[in-house]
Amino acid sequence: MEHIKLTLAIPKMEKHEIEELESWIDSMCRYRLEDLGFDLVLRKYKHKESVLFFRYDKVYYSERIDRKLLFPSDRKTGLMICIEIWMKMATLCKKAFGYRTEWHAFALNQLGITLMYDNQSTKALQCFLESLDIRRYLWGENELTAVEYNNIGCAYDAIGEWMIGNTYLMKALEIRKSKLGDHEDTAESYCNIANNLMNMQRNKEALIYARKSIAIRNRIGDNFKIAYSLNNLALIYNNLDEKGRAMSLLDKAIRILNSFGWTESMEIQTMKVNRNHIYGQSLDT
């Protein structure tokens with residue numbers, strides 16, 4: 001299917017503003033919008049208001065965007081831009097294609113993911129639940145609904161409802177094992193369940209799921225995401241008071257991310273904080 005041209009039109013943009021917006025959209029929005037079937041174009045606009053719009057089946061669909069959200073004074077730029085774009089995309093898809101369509105479900109899911117990055121887990125949960133309702137109506141229980149079960153589980157986990165989260169994460173794993181077998185999504189489920197069990201202090205059970213995540217990622221050659229599984233495994237070993245083993249695993253995870261050029265990434269900084277924290281604990285004992 002040919003992609004639909006999606007335009008974000010903004011008046012009175014300076015060159016540095018265009019470059020900043022393009023950078024954030026490239027890093028957090030554009031490739032997912034392409035998955036949805038849209039090519040996003042950013043351009044200056046002669047009118048007063050900022051608008052996100054596209055033409056489909058000879059009809060124009062548009063949503064106004066508050067310019068202050070695109071160029072906020074507090075510089076919390078990237079997430080605010082992406083939350084606003086996905087919020088408007090969900091509305092546009094609902095207008096253009098209807099409520100119970102994959103376009104709308106996909107946009108809601110991406111909005112939820114972006115809200116999770118901004119620690120707005122309760123709002124994210126509502127997006128995931130709505131997307132699940134649509135996808136179950138469209139597809140029954142398949143890989144797409146498994147995405148929502150997984151994301152709902154993670155959202156519940158983030159707000160401290162670990163037992164409810166566990167139920168959804170296990171449902172996602174069940175579908176993924178059945179439909180996908182050894183797959184990156186199945187490995188993700190094992191990793192998320194390990195984290196969920198660790199939050200409930202069920203560390204020995206968490207260890208089993210973390211190891212299964214690593215085993216799958218090794219078998220399918222997902223060398224990059226092995227680092228995430230190693231980070232989880234390290235935190236579990238730390239909880240089991242095996243600090244030397246935990247630090248060794250974190251060192252390995254950091255080396256993997258460095259080898260992929262992620263030397264300044266948020267993920268690698270988090271792993272270094274984890275390692276330093278564990279090292280500090282080991283000196284105190």
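Position 1 is the first residue of the sequence, and the numbers go up from there. Computation of the quantities below employed the complete heavy-atom set of this structure, encompassing side-chain atoms and omitting hydrogens, waters and symmetry-equivalent molecules.
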Q: Has the side chain of R30 got a donor or acceptor atom that lies under 3.5 Å from a matching backbone atom of L40?
A: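 Checking the backbone N and O of L40 against the side chain of R30, a donor-acceptor pair under 3.5 Å is found.
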Q: Does K252 reach the main-chain N or O of L230 with its side chain, forming a donor-acceptor pair under 3.5 Å?
A: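 No.
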Q: Decide side-chain contact (heavy atoms from CB on, under 4.5 Å) for Y168 and E161; before the verdict, give the C-alpha distance in whole Å, the side-chain angles of both, and the deciding distance to 0.1 Å.
A: CA-CA 11 Å; Y168 281 96; E161 295 283 359; over 6 Å; no
Q: Indicate yes or no for a side-chain donor-acceptor contact from N232 to the backbone of C191 under 3.5 Å, with no hydrogens or angles considered.
A: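 Looks like yes, one N/O pair under 3.5 Å.
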Q: I need the minimum non-hydrogen distance between N142 and I175, along with the two atoms involved.
A: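 For N142 versus I175, the nearest heavy atoms are O-CG2, 3.5 Å.
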Q: Output yes when a side-chain donor or acceptor of D251 lies under 3.5 Å from a complementary backbone atom of I254, and no otherwise.
A: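 Checking the backbone N and O of I254 against the side chain of D251, no donor-acceptor pair under 3.5 Å is found.
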Q: Go through it in stages, so that I can follow the logic: the residues are R67 and E49, the test is salt bridge (charged side-chain N to carboxylate O under 4.0 Å, His left out), and I'd like the CA-CA distance, side-chain angles, deciding distance and then a yes or no.
A: CA-CA 8 Å; R67 196 179 194 281; E49 295 177 319; over 6 Å; no
Q: Group every Ile, Leu, Val, Met, Phe, Trp and Tyr by side-chain heavy-atom contacts under 4.5 Å, then state whether M28 and I18 land in the same group.
A: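 Hydrophobic grouping puts M28 with I18.
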Q: Can you list the steps and then say if I256 with N223 is a side-chain contact (heavy atoms from CB on, under 4.5 Å)?
A: CA-CA 8 Å; I256 290 169; N223 297 320; 5.6 Å; no
Q: So which heavy atom on K243 is nearest to which on N238, and how close?
A: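 Nearest pair, atom of K243 first, then N238: NZ-OD1, 2.9 Å.
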Q: Side chain of D118, backbone of Q120: donor and acceptor closer than 3.5 Å?
A: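 Checked: no pair found.
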Q: Do the side chains of H277 and N274 get nearer than 4.5 Å, heavy atoms only?
A: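 Answer no - side chains too far apart.
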Q: Taking everything shown except Y99 itself, do over 12 heavy atoms lie less than 6.0 Å from its OH?
A: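 Enclosed: over 12 neighbouring heavy atoms sit under 6.0 Å from OH of Y99.
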Q: Would you say the side chain of L8 lies within less than 4.5 Å of the side chain of I10, judging by non-hydrogen atoms?
A: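 They are in contact (side-chain heavy atoms under 4.5 Å apart), so the answer is yes.
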Q: What's the verdict on side-chain contact (heavy atoms from CB on, under 4.5 Å) for E267 and N231, showing C-alpha distance, side-chain angles and the deciding distance?
A: CA-CA 10 Å; E267 289 83 356; N231 179 67; over 6 Å; no
Q: Under 4.5 Å between side-chain heavy atoms, counting indirect links through other Ile/Leu/Val/Met/Phe/Trp/Tyr residues: same cluster for L108 and L125 or not?
A: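 Unlinked, L108 and L125 end up in two clusters.
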Q: Please report the shortest heavy-atom distance between E102 and L144, naming the atom on each side.
A: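 Closest approach of E102 to L144, heavy atoms only: OE1-CD1, 3.8 Å.
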Q: On a heavy-atom basis, which atom in L111 and which in I83 lie closest, and how many Å separate them?
A: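 Heavy atoms only, the tightest pair is CD1-O, 3.6 Å.
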Q: If Ile, Leu, Val, Met, Phe, Trp and Tyr residues are connected whenever their side-chain heavy atoms lie under 4.5 Å apart, and connections chain through other members, are Y156 and Y117 in the same group?
A: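 Hydrophobic grouping puts Y156 with Y117.
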Q: Among D133, N109, N150, which one satisfies side chain to side chain contact (heavy atoms under 4.5 Å, CB included) with F128?
A: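 Checked D133, N109, N150 against F128; only one passes side chain to side chain contact (heavy atoms under 4.5 Å, CB included): N109.
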Q: Mind checking whether V51 and I65 have side chains closer than 4.5 Å, heavy atoms only?
A: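 No, side chains not in contact.
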Q: So which heavy atom on T101 is nearest to which on L138, and how close?
A: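 So the minimum-distance heavy-atom pair works out to C-CD1, 3.6 Å.
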Q: Using a 3.5 Å distance criterion without hydrogens, assess whether the side chain of W103 forms a donor-acceptor pair with backbone atoms of L36.
A: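 Answer holds: yes.
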Q: Just wondering, do Y237 and L207 contact through their side chains at under 4.5 Å, heavy atoms?
A: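 Yes, at least one pair of side-chain atoms sits under 4.5 Å.
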Q: Flag the pair F97 / Y56 as yes when their ring centroid distance falls below 6.0 Å, and as no otherwise.
A: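 Ring centres of Y56 and F97 closer than 6.0 Å.
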Q: Indicate whether any N or O donor in one side chain lies under 3.5 Å from an N or O acceptor in the other, for E148 and S131.
A: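 The answer is yes; a qualifying pair exists.
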Q: Can any side-chain N or O of R176 pair as donor or acceptor with the backbone N or O of D185 at less than 3.5 Å?
A: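 Yes: the side chain of R176 pairs with the backbone of D185.
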Q: Should M163 and I193 be regarded as members of a common hydrophobic cluster, given that ILVMFWY residues are connected when their side-chain heavy atoms come within less than 4.5 Å of each other, either directly or indirectly?
A: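 Same cluster.
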Q: Return yes if a side-chain donor-acceptor contact under 3.5 Å exists between E141 and Y149, otherwise no.
A: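 There is such a pair (donor and acceptor under 3.5 Å, judged by atom type) between the side chains of E141 and Y149.
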Q: Would you say the side-chain atoms of T186 pair up with the backbone N or O of D182, donor to acceptor, closer than 3.5 Å?
A: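 Here the side-chain-to-backbone pair does not exist.
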Q: Any chance OH of Y209 has more than 12 other-residue heavy atoms, nucleotides or ligands included, within less than 6.0 Å?
A: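 Atom OH in Y209 is not crowded, with 12 or fewer foreign heavy atoms closer than 6.0 Å.
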Q: Go through it in stages, so that I can follow the logic: the residues are L6 and V41, the test is side-chain contact (heavy atoms from CB on, under 4.5 Å), and I'd like the CA-CA distance, side-chain angles, deciding distance and then a yes or no.
A: CA-CA 6 Å; L6 173 69; V41 177; over 6 Å; no
Q: Using every non-hydrogen atom in the two residues, find where A227 and M271 come nearest and quote the distance to one decimal.
A: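 Reported closest heavy-atom pair: O-CE, 3.6 Å.
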Q: Report whether L21 and F38 are members of the same hydrophobic cluster (ILVMFWY, side-chain heavy atoms less than 4.5 Å apart, transitive linking).
A: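 As far as the 4.5 Å side-chain criterion goes, F38 and L21 are connected within one cluster.
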Q: Do L52 and S62 touch side chain to side chain, with heavy atoms closer than 4.5 Å?
A: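 No. Closest side-chain heavy atoms not under 4.5 Å.
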Q: Below 4.5 Å, heavy atoms only, C-beta onward: do T114 and L79 meet side chain to side chain?
A: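 In short, these two side chains touch, coming nearer than 4.5 Å.
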Q: Please determine if K95 and E63 form a salt bridge, counting it only when a charged side-chain N lies under 4.0 Å from a carboxylate O.
A: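 Yes, this pair counts.
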Q: So, does R217 use its side chain to make a donor-acceptor pair with the main chain of K225 at under 3.5 Å?
A: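 Indeed, once roles are kept as given, a pair shorter than 3.5 Å links the two residues.
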Q: Is the closest side-chain heavy-atom distance between E130 and H104 below 4.5 Å?
A: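 They are in side-chain contact.
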Q: Does the ring centre of F53 sit less than 6.0 Å away from the ring centre of Y61?
A: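 Between F53 and Y61, which both carry aromatic rings, the centre distance is not below 6.0 Å.
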Q: Tell me, with the steps shown, if Y228 and F224 meet ring-ring contact (aromatic ring centres under 6.0 Å, His included).
A: CA-CA 8 Å; Y228 292 85; F224 178 78; 5.8 Å; yes
Q: Can you tell me if N196 uses its side chain to pair, donor with acceptor, with the backbone of W162 under 3.5 Å?
A: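 Yes; at least one donor-acceptor contact below 3.5 Å.
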